Amino acid sequence: MSRTFDEKRVPLEELISQAEAARLRGVTRQAIKQLVQRGKFKVYSIGGKILLDRREVRAYKPKRTGRPRKSK
């Protein structure tokens with residue numbers, strides 16, 4: 001799940017904590033943690049901290065869940 005940091009792929013200033021990702025998306029830290037566990041975000045581990053790419057968090061579009069509506 002966790003990757004080592006490669007500055008060529010992700011600039012250091014674009015990495016954010018899970019708490020900051022939650023504030024950015026307007027959800028709880030637990031919601032971000034669940035998305036990470038489901039593999040929806042790439043995770044970078046630096047000094048024991050779990051960081052996410054800010055661009056990826058902003059671009060994330062949740063899928064609609066539930067039963068589809070009947071056509072009329």
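The first residue in the sequence is number 1, and the count goes up from there. These figures come from a predicted structure and were not determined experimentally.
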Between Ile16 and Leu51, is a side chain to side chain contact (heavy atoms under 4.5 Å, CB included) present by the stated rule, with each step listed?
CA-CA 5 Å; Ile16 59 174; Leu51 301 171; over 6 Å; no
Working to the nearest 0.5 angstrom, can you tell me the gap between [X] [atom1] and [Y] [atom2]?
X	Y	atom1	atom2	result
Ile50	Leu15	CD1	CG	11.5 Å
Ile46	Lys49	CD1	NZ	11.5 Å
Ile32	Gln30	CD1	CD	10.5 Å

Where is the tightest heavy-atom contact between Lys40 and Tyr60, given as atom of each residue plus distance?
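Taking every non-hydrogen atom into account, CB-CE1, 4.1 Å.
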What do you reckon, is CZ of Arg55 surrounded by more than 12 foreign heavy atoms closer than 6.0 Å?
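Counting neighbours around CZ of Arg55, more than 12 heavy atoms of other residues, nucleotides or ligands fall under 6.0 Å, so yes.
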Option passing side-chain contact (heavy atoms from CB on, under 4.5 Å) with Asp53 (candidates Arg58, Lys42, Glu14)
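Between Asp53 and the candidates, side-chain contact (heavy atoms from CB on, under 4.5 Å) is satisfied uniquely by Glu14.
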Hey, mind stepping through Tyr44 and Leu52 against side chain to side chain contact (heavy atoms under 4.5 Å, CB included) and telling me if it holds?
CA-CA 6 Å; Tyr44 300 91; Leu52 295 92; over 6 Å; no
If you measure from the Lys or Arg side-chain nitrogens to the Asp or Glu carboxylate oxygens, is any gap between Arg54 and Glu20 under 4.0 Å?
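Looking at Glu20 together with Arg54, the answer is yes, because their closest N to O distance falls below 4.0 Å.
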Are any side-chain N or O atoms of Arg29 and backbone N or O atoms of Gln18, one a donor and one an acceptor, separated by less than 3.5 Å?
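Side chain of Arg29 to backbone of Gln18, a donor-acceptor pair under 3.5 Å: no, none is there.
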